[in-house]
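Only heavy atoms go into these numbers, but all of them, side chains included; no hydrogens, no water, no symmetry mates.
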Amino acid sequence: MLQVTWDHIHLRSPDPEATANWLRDILGGEIARNPGRIDVKLGGANIFIAKVEPGDGVNEPPVTPHQGLDHFGLTVKDIDAAAAALKAKGVAFTTEPTTIRPGVRICFIRGPQGISIELLERDKKYV
């Protein structure tokens with residue numbers, strides 16, 4: 001059986017600096033600058049952000065829902081407190097915090113370039 005581990009997520013942005021700053025300021029990522037891109041360490045994962053230039057042939061971000069990669073999910077310890085802190089920063093929510101099944105509470109926020117980000121908390125207190 002093939003064994004894999006996560007290495008990175010690669011984003012393309014017309015403004016990598018703004019995207020990286022958003023991931024740092026809103027979600028607590030750590031920025032590192034590398035030739036040709038900006039990297040953000042977020043929750044143990046690497047996010048590589050490359051610049052999109054006019055004429056690169058890169059398509060516009062898709063409208064949700066769509067086929068292919070839909071979103072990425074991040075766990076938090078207190079989802080309601082996390083949601084309140086994000087709202088105070090002006091973050092747009094596409095789904096407010098809700099318990100989807102016993103033990104799992106989620107919400108969705110909209111990131112730069114329309115990226116859909118799920119925040120979730122797994123705790124038996126949610127019934």
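Follow the hydrophobic side-chain contacts under 4.5 Å out from F108 and you reach V104 in the same cluster. By the criterion of side-chain heavy atoms lying less than 4.5 angstrom apart, applied directly or through intervening Ile, Leu, Val, Met, Phe, Trp or Tyr residues, F93 is grouped together with F72 in one hydrophobic cluster. The hydrophobic clustering, which links ILVMFWY residues whose side-chain heavy atoms are closer than 4.5 Å, places L42 and L120 apart. Residues V52 and F48 do not share a hydrophobic cluster, clusters being chains of Ile/Leu/Val/Met/Phe/Trp/Tyr side chains in contact below 4.5 Å. Each of I26 and I106 belongs to its own hydrophobic cluster when Ile, Leu, Val, Met, Phe, Trp and Tyr are linked at side-chain heavy-atom distances under 4.5 angstrom.
For the pair Y126/I100, no side-chain contact is recorded, criterion being any heavy-atom separation below 4.5 Å from C-beta on. Counting only heavy atoms from C-beta outward, the side chains of I31 and R33 approach each other to under 4.5 Å.
Shortest non-hydrogen contact noted between R12 and Q113 is O-OE1, 4.4 Å. The nearest pair of heavy atoms linking A50 to H10 is CB-NE2, 3.4 Å. Closest heavy-atom contact between I38 and A20: CG2-CB, 3.6 Å. Taking both residues in full, the closest heavy atoms of S13 and I49 are given as CB-CG2, 3.9 Å, listed atom of the first, atom of the second, then distance. Closest approach of W22 to R110, counting heavy atoms only: CZ2-O, 3.8 Å.
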Point to revise | Audit row: L11, I9, side chain to side chain contact (heavy atoms under 4.5 Å, CB included) steps and yes/no | key: CA-CA 7 Å; L11 303 178; I9 298 167; 4.2 Å; yes

Practice item. List the steps, then state whether salt bridge (Lys or Arg N to Asp or Glu O under 4.0 Å) holds for K87 with E96. Key: CA-CA 10 Å; K87 285 180 183 181; E96 292 291 328; 2.4 Å; yes

**Study point:** Intermediate values then yes/no, side chain to side chain contact (heavy atoms under 4.5 Å, CB included), I109 and L27
**Key:** CA-CA 11 Å; I109 61 175; L27 299 177; 4.2 Å; yes

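N46 and D39 are not linked by any side-chain donor-acceptor pair at a separation below 3.5 angstrom, with hydrogens and angles left out of the test. Between the side chains of E121 and T75, not a single donor N or O lies within less than 3.5 Å of an accepting N or O.
In this structure, the side chain of D78 engages the main chain of A81 through a donor-acceptor pair within 3.5 Å.
Rounding to the nearest 0.5 Å gives a distance of 14.5 Å between CZ of R122 and CZ of R105. The CD1 atom of I115 sits 13.0 Å away from the NE2 atom of H71 when rounded to the nearest 0.5 Å.
Screening D80, L86, I79 for a side-chain contact (heavy atoms from CB on, under 4.5 Å) involving C107 leaves a single residue, I79.
Counting heavy-atom neighbours within 6.0 Å of K125 NZ, excluding the residue itself, gives a total above 12. Within 6.0 Å of NZ in K124 there are 12 or fewer heavy atoms belonging to other residues, nucleotides or ligands.
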